[in-house]
Amino acid sequence: MFRSHTCGKLRVENINTEVTLAGWVQTVRKFGSITFVDLRDRYGITQLLFNENLNAELDANPLGREFVIQVKGKVSERSNKNLNIPTGEIEIAVESFSILNKSITPPFTIQDDTDGGDELRMKYRFLDLRRNAVKKNLELRYAVGRSARNYLHENEFMDIETPFLIKSTPEGARDFVVPSRMNAGQFYALPQSPQTFKQLLMVSGYDRYYQIVKCFRDEDLRADRQPEFTQIDCEMTFVEQEDIIQMFEKMIRRIFKDVKNIDYNEAIEKITWEEAMWTYGNDKPDIRFGMKLNNLKFPAHTFPTKVDISATIKSDFAVFNEAETVIAFCVQNCNDYSRKQTDELVEWVKRPQIGMKGLAFIKCNVDGTFKSSIDKFYTEEQLKNIATTCHAVAGDLILILAGAEEKTRKATSDLRMHMGTTLGLRNANDFKLLWVVDFPLFEYAEEDNRWVARHHPFTSPKPSDINTMINNNPKIENAAEYLKHPYANIKANAYDMVLNGNEIGGGSIRIYQKELQQKMFAALGMDDAEQQHKFGFLLGAFEYGAPPHGGIAFGFDRLCSILGGSESIRDFIAFPKNNSGRDVMIDAPSTIDNKQFEELQIKLDFKD
RNA sequence: GGGUUGGUAGUUCAGUUGGUUAGAAUGCUGCCCUGUCACGGCAGAGGUCGCGGGUUCGAGUCCCGUCCAGCCCGCCA
């Protein structure tokens, strides 16, 4: 053995023990004839004391940062203690040492507050991983995974592996494809999720399955999106929506307890998709703060159950009159915003990413009067009405956006989040869970004038909507009025779990009858031959006693990053890819040898 | 595909209106130092200002193009 203890282990009770330690040199502090060295490993830092009789040997074998060394010596009490670290009361009086391996000077400091930038840290990720800050994130990730596994194991879930080399089905995200040498001209796809396999496992009778599994999607990246990512993928047989919700609420509460020692005992609110869009402009709202949206004018066909109150804003103001939608929300205690601050908000919504033409505001003065950017179109009485509608009181600021429905709703949602962040209402240590349910089953795809599955094609409609689906022709005769098609109102038996404005999990009760599945594929524009080609195996399996089933998948990386208080999932992945999908450490992707192309019988044909 | 911010010493950054030898901190090297733990002191080395082109007497600075990186929109069932 190279060591008797780790560098985080020794305490005052070990004084006078003879020990052997091994680790990396964090720092060398030389004081004339004595030298201090901080020795680091995964478990901590232990100070080494080299006294004067080792000077000759140190001069002959000088130590540098990140050298790997082994020391033998006696644990002794420090004369000056450092209570900032667990081992700070002791040090090792070194009797002998050996250099196991040298290191060249690292390109950045291996410290909690490193001087290295992101790019360099990624290139030398193996050094970055030595840092405490990164190590803590990977430890948190391990803890989340362990907690989930323990919970699922205790509840009879069985971990079953599914293949990575599967069949491409260009529905949904773009597939990563892998050429097959033995089947020239044919390709595997890497799974976007093990969806069909876990359903087949249900058909096989493995009634509770889970897998913490890699999934692959060839789409553009973000701070919270990687081309390969990990899901906690789960499926259950003989369940309804509420069974899944109960089971996995408990799992999340367990993870909060195990990982963060948080007793998340409060009830987790359920909100319908329509209500979420109406109230927050968003299907994954952050409900840690209010600022609920007030729809002053909206297209009734989008939210048929809501009441139009556009009379509130009746005036000569062309912008509001011509807008499809007018949405306002109230920011508490911000009526003292300066001209500069309101101008900044106007500029913020005019950025290309938001793309609004402007922003109206009403300041509710403490004396009960109003000051507004739309003063000349509205009387004091009307402004007061709008304020009342927005639940604003004296001292508040009302922000109003107007324009096309979808764009305006999204912009208002973005502005609400922006205000939440600006006002410090989005604390990374506050956690608020939410279920969003009753999503539309279909979405309208304008370019093809057809329906696409909002969740995925295996999601079943709400039981009450099954007849609507079966008894109507999915074909859209009048593109302009697609919202009047019966399919537009079919709700999915699906649910998303939202944490602090992030979708951390989503699932559905699946279709398990062959006929309904065929109807679904047909609704998505697949004829019988195409259905058979792409999903014949699934339709076939449904003929042999497929049980009712459903499931859910959690975004493991994202869940970890939120629990760790970070916006970026890269911090929680040992070897992540950069914005362009590159691994800058191993320099992948890369070209391959001509021999490999020949074996695969593939020729490149670059466009320009 | 689009928007936006950045690229200067090993590293993190500053660099004014276009004008002398491009700076600081940290790291590195050497010397000094017996209680440090962000040790301290002194000295030193270290630069293709991302790359290419242009404007100019003169470009790190202005213009055009391009590459790389970060964030966002589109996209992501």
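Just so we're on the same page: letters track the sequence lines, and every chain starts at 1.
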Review point. If you take atom types as modelled and just measure distance, does the side chain of A:Q353 reach the base of B:C72 with a donor-acceptor pair under 3.5 Å?
Key: yes
Practice item. Locate the shortest heavy-atom distance separating A:W451 from A:A523; write the atom from each residue and the value. Key: CB-O, 3.8 Å
Review point. Quick one: is B:C28 close enough that its OP1 or OP2 comes under 4.0 Å of any side-chain N or O from A:R65?
Key: yes
Exercise for review: Give the ring-plane orientation class for A:F537 versus A:F535, where under 30° counts as parallel, over 60° as perpendicular and anything between as tilted.
Suggested key: tilted
Practice item. Mind listing the closest non-hydrogen atom pair of A:L21 and A:H5 along with its distance? Key: CD2-O, 3.2 Å
Point to revise | Candidates B:G35, B:C72, B:C37 - which lies nearest the side chain of A:E91 | key: B:G35
Practice item. Would you mind telling me which residue lines up with the more 5' stretch of RNA chain B, A:L221 or A:P352, judged by nearest nucleotide? Key: A:P352
**Study point:** Integer angstrom distance from the C1' of B:C13 to that of B:G7
**Key:** 12 Å
Study note, to complete from the structure: Closest to the side chain of A:R570, out of B:G70, B:C76, B:G27, is B:G70
Check your understanding: Do the side chain of A:N502 and the main chain of A:N500 share a donor and acceptor less than 3.5 angstrom apart?
Key -> yes
Review point. Just how far, in rounded Å, is C1' of B:C75 from CG of A:D218?
Key: 11 Å
Review point. Does A:N80 make a side-chain N or O approach to OP1 or OP2 of B:U36 shorter than 4.0 Å?
Key: yes
Exercise for review: Check if the side chain of A:R222 and the base of B:G70 share a donor-acceptor pair of N or O atoms closer than 3.5 Å.
Suggested key: no
Exercise for review: May I ask you to say what A:T105 touches in the nucleic acid, namely base, sugar-phosphate or nothing, with a heavy-atom cut-off under 4.0 Å?
Suggested key: sugar-phosphate
Review point. Ignoring hydrogens and geometry, is there a side-chain-to-backbone donor-acceptor pair from A:E324 to A:E405 under 3.5 Å?
Key: yes
Exercise for review: Return the residues of residues 401-423 of chain A meeting this criterion: a heavy atom under 4.0 Å from some atom of RNA chain B. Order them by number, or give none.
Suggested key: A:K410
**Study point:** Carboxylate-amine/guanidinium contact A:D38 A:R29, below 4.0 Å
**Key:** yes
Revision key, fill the gap. Shortest non-hydrogen pair, A:D233 vs A:K198, comes out as OD1-NZ, 2.7 Å
Review point. In whole Å, what is the span from the CD atom of A:E347 to the P atom of B:U4?
Key: 13 Å
Point to revise | Spacing between A:F50 atom CZ and B:G35 atom P, to the nearest angstrom | key: 18 Å
Review point. Rounded to whole angstroms, how far apart are CD on A:Q111 and P on B:U12?
Key: 14 Å
Practice item. Determine, for nucleotides 39-48 of chain B in 5'-to-3' order, which nucleotides have protein heavy atoms under 4.0 Å from the base (write B), from only the sugar-phosphate (write S), or from neither (write -). Key: B---------
Check your understanding: Tell me: CG of A:N84 to P of B:C37, nearest whole Å?
Key -> 11 Å
Point to revise | Atom-to-atom span, CD of A:Q226 to C1' of B:G70 - whole angstrom | key: 14 Å
Point to revise | Side-chain N or O of A:N82 closer than 4.0 Å to phosphate OP1/OP2 of B:U36 | key: no
Exercise for review: Decide if the gap between the ring center of A:Y495 and the ring center of A:F248 is smaller than 6.0 angstrom.
Suggested key: no
Revision key, fill the gap. Whole-Å distance, A:W348 CH2 to B:U4 P, equals 16 Å
Check your understanding: Has the side chain of A:N578 got a donor or acceptor that lies under 3.5 Å from a partner of the other kind on the base of B:G70?
Key -> no
Practice item. Can you tell me the distance, in whole Å, between the CZ atom of A:R78 and the C1' atom of B:C37? Key: 7 Å
Exercise for review: Let me know, please, whether A:S580 or A:G88 comes out on the 5' side of the other along RNA chain B by nearest nucleotide.
Suggested key: A:G88
Exercise for review: Looking only at non-hydrogen atoms, find the nearest pair between A:F575 and A:R125 and report the distance.
Suggested key: CD2-CG, 3.8 Å
